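Written out below as structure tokens is the structure these notes cover.
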Amino acid sequence: ETKWDLSTAWPASNFHAKNAMAFADAVREATDGSVDITVHVGGEIGVKITEKMSAVENGIVQMADMLLFLQAGASGEPLLSMDTLPYLIQGQDEMKAFLEVAGPTFDEIAAKHNQKILYYVPWPSPGVYTKQAVVSADDMSGQRIRAFNAASFEFLDKLGAAPLEMPWGDVAAAAAAGTIDGAATSSSSGVDGKLWQFTSHFNPLNWSTSSDAVTVNLDAWNALSDQEREIIEGLADKMEAEFWAVSAAEDSGKIAILEENGMTVNEADASLKAKMAEAGKAMWADYIAKNPDAQAIIDSYSAKLGK
Amino acid sequence: MMLEIGLVAALLFVGLLGSSVWIGLSLFATGYILLSVFKPNIPMDIFAGKVIWGSVTALELLSLPLFILMSEILVSARLGRSLFSGLAPWVGRLPGGLLHVNVAGSTLFAAVSGSSAATTAIVGRVTLPELAAHGYDRRLAMGSLAGAGTLGFLIPPSIIMIIYGVVAEQSILELFVAGVVPGFCLAVLYMAYIAAHQTITRSQPQIDRPTWSDRLMALKQIGPLVGLIAGIMGSLYLGLASPTELAAVGVLGALIIAILMRRFSLSAMISAGRRAVRTSAMIGLIIMGAALLNAAFGFLGIPKAIAEQIAAFGLSPMALIAVLLVFYVIIGMFLDGTSIIVMTLPITLPLVTAAGYDPIWFGVFVVVAVEISQITPPIGFNLFVIQSQTGESIGAIARAAIPFFFILLAFALLLALVPQIALWLPGTMQ
Amino acid sequence: MDRFLKTVDASSRLLEGCAVFLIYGFGALMLAEVFARGFLAQSLPYSWEYSTFAMASVFMLASGRAIRTATHVRVSLVLEAVSPKAARMIDAFANVIALIVVAAIGVSLADAFWSSYSRGLVSATVVRTPLAVPQVILLIGAIQLWFDLLARLIRRWTGRDYEDRDADALAQETADA
Ligand code: NA
Ligand code: NA
């Protein structure tokens, strides 16, 4: 009997954590209990959100559900943050096309860190939650918005907003008191945090789509029987599609909840779209200059999609 | 297996703590050995390094060292003495007298600080030496501080409520609002106990009847502290500083007070800083050790296993709450508040909501349970703070806190009987 | 021997001084963020990150001095109940255990530092701080803590004054004067 630990950064109620638990259950059932995966949610076992890949590499846990771009710094693999580039990937279809191109590179990176990617699950796209409607480029100017990662910080900065960092726990009180004007995050996190209590507008700018990956340590993997590996790979293939559907339903469902709670959902006008495109392309160029290895992937992907 | 793990953990704990190994190091060693024995595949040096690094760089902690620094600066400015001479003519003859300053001070500072340890540190640094100087019962002084300091989590802002809100997907604002009435009720209960104790034991030091001009003169002495609290709260509600940043505003305010009262000197500020960093280091070492021990318990699934056992009983709603309270009191002896919530909530919250309780109500209930954990040995952060301030033993402080432990326990049950204590105020918001 | 003890004390005080500088420093940094955001509609992207690194450094750098001044807490139940001779034995035992545990902490931190340094790892934020920098500060703090514990054991065993509570009393007196 094989006992594995799987670490996910998300609380038990989050759809990624639920997916991971569903996967663990399916594996237990299909292998008649010979592979028993325990899912550890949130901060339960002290593995930081940015150190999931490194924890799998070192054998602290055998599996992890990780937000890929967050692993870039602590694993020394800048290519993992490619999916945060604005306008590169917008929505699930583009994510699928992107993974077809970038997948082999990600597999190599994973192998270099002694692990294997079983499946990916994308997040709903991010948007900005604000007190005033943000529709045009002018509206965006000077808005103090909490950013959620390095790329969103840079992007908001280029759009003329005043992005800032702040612990997520401070955001509710800070927005209610007017310390900040809003926050950038996904529809899903917006509902979890009931952001309608202190912001009134959501603009799903859809500037990027990021993905979680679930990986397994190679030593643990190779210790399984051929049959067990086959079963798990089969399940990963089959369930990946289900998990993507869960993510898509999550996005539309959550936007409906935002509207039910009185939030106005806006769309960017031409001026903001133009500014976003300009900012996004500038960031591509910066990124490629810093990470020349990304050139081939981005070129072949954008050729494929005509971006 | 679970029994075996529990036994080993208990033996290590008693052995290390009993032979007076420093608490942070005892926790670290227990976690390290538990994992080495029961999870032999984990590369412990790598893992421990990650856990240490993660635990001491947590954003939620930032306000703690700064609030400690603020209180040390206030001590350097001799604000404690001013506060007491200012309040003595007003409350000195009431039953309980100046002991109420512990509760009132904690209630006020709870409204600016998000943590119980910080609230205890701020208030205790100022009140404990003065209460001793005025001849008050030492035990009651320490006990009431330990109890009242816990208000830091119940009265908003609150780190524990934020963590509950994130894990349970509840509105942090609603939780904050829900904590206000219970926080004040608890403060009143503490004051009632202090008054009753001092009346019955007749141990309250007596002062001369003050005149009204004494009283008016005294107001001037309280001014700076009132101004400080108003300034800190003002910076939050005027939208200048976020809850975590309030501590930095507090340090600035304390420095301004020291300068205005002509009690500022560079050397005094440096020695205040020296005392503050030492106390911070003490808490930091315990946080590190607790993080590794919590990780070990998480890996080994102990809190989860117990919570699942409770689920299996199929209890009536009231019995469920009573059993959960006992459960939280026991795990609260060994775990810190964040870990208690993260490790148990996925199992206890569905149980409680299925029994018909509101998740916001349960948030307040769990916060009270976490407050209890702050004053129960062997791991109780309020006890540690008071030990570092008084040099008394953990046992003596824990004994002093026992009445307040029972008040908290009774209050938790009262909450279960009358959920409206927590739910009325957020209900008016809808 | 005295020279060794004096050196340990001096470096302990020096690192405590660095911690004092850092605690005021990150307080000032957070105020700067409040000011910049509130009045200049700008944020200092490094303020939170540097503050947490400074805080972690404060914890470790002042830890040695906290041992020397008996600020670190312990359960003294047994020590108070037994004879002075037995208390000395138990205290020495606890001190040796502490040396072993702090050595384990030091090895763990060295490991974290080395993996960050050799692989050039950076923080996951827009600031991209090389993690080796704050981590080496933590490591230095742990090493100092170890030497403070060693010095404490030597002092205790050779009948010297092993806890420097005077420092606190002195500071308090100046405050009260
Ligand atoms: Na509070
Ligand atoms: Na406790």
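None of these values were measured; they are calculated from a predicted model. Note on naming: letters A, B, ... go to the chains in the order of the sequence lines (proteins, then strands), and numbering restarts at 1 for each one.
- Heavy-atom pairs under 4.5 Å with chain C were tallied for B:Ser393, B:Pro377, B:Ser280; the largest tally goes to B:Ser280.
- Other residues, nucleotides and ligands place no more than 12 heavy atoms under 6.0 Å from the CE atom of C:Met89.
- Between B:Ile283 and C:Phe59, the closest side-chain pair of non-hydrogen atoms is not below 4.5 Å.
- Contact check for C:Leu61 versus B:Val277: no side-chain heavy atoms found under the 4.5 Å cut-off.
- Residue C:Tyr117 places its OH atom among 12 or fewer non-hydrogen atoms of other residues, nucleotides or ligands, all under 6.0 Å distant.
- For C:Phe39, the part lying near chain B is the side chain, with the backbone staying farther off; criterion is any non-hydrogen pair under 4.5 Å.
- Nearest heavy-atom pair, C:His72 versus B:Ala281, reported as atom, atom and distance to 0.1 Å: CE1-O, 3.4 Å.
- For B:Ala58, the part sitting under 4.5 Å from any heavy atom of chain C is the backbone (N, CA, C, O) and nothing else.
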Report task. Applying side-chain contact (heavy atoms from CB on, under 4.5 Å), run through C:Ser76 and B:Ser20 and close with a yes or a no. Result -> CA-CA 6 Å; C:Ser76 50; B:Ser20 71; 5.7 Å; no
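- Of the listed residues (C:Ile90, C:Leu31, C:Val58), the greatest number of heavy-atom pairs within a distance under 4.5 Å of chain B belongs to C:Leu31.
- Annotation: side chain of C:Trp48 is in contact with side chain of B:Glu245 (closest heavy-atom distance under 4.5 Å).
- Close approach to chain B, defined as a heavy atom under 4.5 Å from one of its heavy atoms, is seen in C:Leu149, C:Arg152 of residues 148-155 of chain C, taken by number.
- Chain C forms the most heavy-atom pairs under 4.5 Å with one residue out of B:Leu62, B:Leu285, B:Leu66, B:Ile394, and that residue is B:Leu62.
- Of the listed residues (C:Ser57, C:Pro134, C:Ala110, C:Ala54), the one with the most heavy-atom contacts under 4.5 Å to chain B is C:Pro134.
- For a residue to count as touching a neighbouring chain, one of its non-hydrogen atoms must lie under 4.5 Å from one of that chain's; by this rule B:Met288 touches chain C with the side chain only.
- The number of heavy atoms from other shown groups lying within 6.0 Å of CZ (B:Phe13) is above 12.
- The side-chain heavy atoms of C:Val73 and B:Val385, taken from C-beta on, include no pair separated by under 4.5 Å.
- With chain C as the partner, the residue from B:Met44, B:Gln389, B:Lys50, B:Met269 showing the most heavy-atom pairs under 4.5 Å is B:Met269.
- Contacts from residues 91-101 of chain C to chain B, taken as heavy-atom pairs separated by less than 4.5 Å, involve C:Phe93, C:Ala94, C:Asn95, C:Ile97, C:Ala98, C:Val101 in sequence order.
- If you measure heavy-atom distances from C:Glu49 to chain B, you find no contacts under 4.5 Å at all.
- For C:Arg37 (side chain) and B:Leu240 (main-chain N/O), a donor-acceptor pair under 3.5 Å exists by modelled atom type.
- Within the 4.5 angstrom heavy-atom criterion, only side-chain atoms of C:Leu79, from C-beta onward, approach chain B.
- Among B:Val249, B:Leu64, B:Thr244, the residue with the largest count of heavy-atom pairs under 4.5 Å with chain C is B:Thr244.
- A distance below 6.0 Å separates the ring centres of B:Trp53 and C:Phe53.
- Heavy atoms from other residues, nucleotides or ligands lying under 6.0 Å from CZ of C:Arg128 number 12 at most.
- Contacts between B:Leu61 and chain C at a heavy-atom distance below 4.5 Å involve backbone atoms as well as side-chain atoms.
- Using a 4.5 Å cut-off between heavy atoms, B:Ile73 touches chain C through its side chain atoms alone.
- Neither the backbone nor the side chain of B:Ser235 comes within contact range of chain C, judged by heavy atoms closer than 4.5 Å.
- The stretch residues 16-26 of chain C places C:Glu16, C:Gly17, C:Ala19, C:Val20, C:Ile23, C:Tyr24, C:Phe26 near chain B, each with some heavy atom under 4.5 Å from a heavy atom of that chain.
- C:Leu138 touches chain B through its side chain: at least one heavy atom from C-beta onward sits under 4.5 Å away, while N, CA, C and O do not.
- Most heavy-atom pairs under 4.5 Å with chain B, from the set C:Glu33, C:Gln135, C:Met60: that is C:Gln135.
- Looking at heavy atoms from C-beta onward, C:Ile67 lies in side-chain contact with B:Trp22 at the 4.5 angstrom threshold.
- Here the CZ-OG1 distance, from B:Arg278 to C:Thr69, works out to 4.5 Å after rounding to the nearest 0.5 Å.
- With a 4.5 angstrom heavy-atom cutoff, B:Ala268 does not touch chain C via any of its atoms.
- For chain C, the nearby parts of B:Ser242 are the backbone and the side chain; heavy atoms of each come within less than 4.5 Å.
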Query - Chi angles and distances behind the side-chain contact (heavy atoms from CB on, under 4.5 Å) call for C:Arg13, B:Arg274 - result: CA-CA 9 Å; C:Arg13 276 193 79 83; B:Arg274 285 189 184 272; 3.5 Å; yes
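- Annotation: the span from B:Asp45 atom CG to C:Asp111 atom CG amounts to 4.5 Å, rounded to 0.5 Å.
- Note: C:Ser63 leads C:Ser63, C:Ala104, C:Gly141 in heavy-atom pairs under 4.5 Å with chain B.
- Smallest separation of non-hydrogen atoms from C:Ser108 and B:Ala48: OG-CB, 3.4 Å.
- Among residues two or more places apart in sequence or in another chain, the side-chain hydrogen bond (donor to acceptor under 3.5 Å, both in side chains) test is passed with B:Glu392 by B:Arg138.
- For a residue to count as touching a neighbouring chain, one of its non-hydrogen atoms must lie under 4.5 Å from one of that chain's; by this rule B:Ile52 touches chain C with the side chain only.
- Neither the backbone nor the side chain of B:Leu238 comes within less than 4.5 Å of any heavy atom in chain C.
- Using a 4.5 Å cut-off between heavy atoms, B:Leu69 contacts chain C through its side chain alone, with no backbone atom that close.
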